[in-house]
Amino acid sequence: MIKFSSILFFILLSAFAEAKMVHYTLNASIRGYVGVGGNIEGIINPDLKAQKGDMVMITLLGVENMPHDIKFENHQVKSAFLRKKGDKVDLHFTAEMDDIYLCTLPGHASAGMKGRFLISSPQENPDENTPEVDDVVKKADDIPSAIKYDAPREVVFDISAVIVESKLDDGSTYEYWTYNGTVPGPMLRVREGDTVVVNLKNLDHNMVHSIDFHAAQMNHGGAHLLQVPPLETRTLKFVAKKAGLYVYHCATPHVPTHLAKGMYGMILVEPKEGLSPVDQEFYVMQGEYYTKELPGFRGHHQHDEKKLFDERPTFVVMNGRPQALSGDNAMKARVGDSIRIFFGSGGPNLISSFHVIGEIFDKVYPFGSFDSVPLINVQTILVPAGGATVVEFAIDEPGHYVLVDHSLSRVEKGASAVIEAY
Ligand SMILES: [Cu+2]
């Protein structure tokens, strides 16, 4: 008897230990429930997931002066009504089965307020496809080597859309939306006339992601063929007809949000005759984050759509986060080395006044155009949002040479990177 009751106790204990609390927050809007925080941030009518037996807590926030509620049909539970902006209601229930959630007011579900609640099995690891990423920083020297072949080829790139939660600044984290787990995504390198084949695999469980290639002269830069639903793969093929340094980026609505979360990179289309050999090449992209909290905040930063709309970034960074390219990740060069920087702006909004403190660019290919005459001896070069530049120079004496956006308030927001010259 004692034995039996202790076994029962352990069964009960383990049952309770398995069940966990799952909390989702939703903004209630007539166009749909919008996820707040975590991996549902900004998603309209996100799939809400829990394991059977989990305690589910839904917090519903009023963001407009219109009544709304939320009902889980199969679970037969319903929240109180929100009446106006600023109202907040909670709903608790135990997850039992797959379900539909919706607003019970006449016409609201058909206007868009309807989504899915899904039971995930304990065996299934929902993130088994998602690589573990400690840091989103793209190292500046992580560049494919110069093109050696001299006839056009078909070149295949496998790219994954990956959601990553990692460091933003000291003591804080952010949820990044990335290509291959880094910001910017990989630098792709082809030769003028090559056929580019891109397999985009979407490892995100919730959102569609895509790529618009500025190097592709076709409808939407190929993005209409490359809208990839969660956990699926799509392929795009295009001919890189014109040499240059081009931005690529996610083009899935809401597009500025996908860029403001980190979904951009560059493709270098080398001219037929190639680029002149140099000692060092670096890949650097500037971009912005729009967060509710300010730099210095400790905790998890939330994306702020109002600041994004107003174009008031909290962070302006080079290669993923503040101080991404300093310390161990600083670029390194010897005095006298010929250096080439492929510099782009993923934006989504800011134009960069790109400058290296202590040096003058010997040569600049403005806007990434190799077929134009390069500019000689330039202090600062403009790089448009969704644009690029290629600069070449050598360092005259040892020291710390800092890449900045010379709109210098942005340096306080993170817009710098370091070359250590020895
Ligand atoms: Cu995206």
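As the structure lists them, so they are numbered: ligands from 1, and atoms in each ligand from 1. Because the structure is predicted, anything quoted here is derived from the model rather than measured.
Here R234 pairs with E232 in a salt bridge; the nearest charged N to carboxylate O distance falls below 4.0 Å.
By the criterion of a separation under 2.8 Å, the protein N/O/S atoms near the Cu ion (ligand 1) amount to H209 ND1, C250 SG, H258 ND1, M263 SD.
Shown are F93, Y24, Y101; of these, the ring-ring contact (aromatic ring centres under 6.0 Å, His included) with F117 is made only by F93.
Take H258 and apply the ring pair (Phe, Tyr, Trp, His ring centres under 6.0 Å) test, not counting sequence neighbours, and it matches W177, H209.
Between F72 and H75, the angle of the ring planes goes over 60°, which puts this pair in the perpendicular group of the 30/60° scheme.
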Donor-acceptor pairs under 3.5 Å, side chain of residues 149-159 to any protein atom, not counting sequence neighbours: which ones?
from : atom 1 : to   : atom 2 : distance (Å)
Y149 : OH     : D194 : OD2    : 2.6
E154 : OE1    : K237 : NZ     : 3.3
D158 : OD1    : N199 : ND2    : 2.8

Side-chain donor-acceptor contacts of residues 352-368 below 3.5 Å, not counting sequence neighbours, with atom names and distances?
from : atom 1 : to   : atom 2 : distance (Å)
S352 : OG     : Q286 : OE1    : 2.7
H355 : ND1    : Q379 : O      : 2.8
H355 : ND1    : T380 : OG1    : 3.2
E359 : OE2    : D396 : N      : 3.0
D362 : OD2    : A394 : N      : 3.4

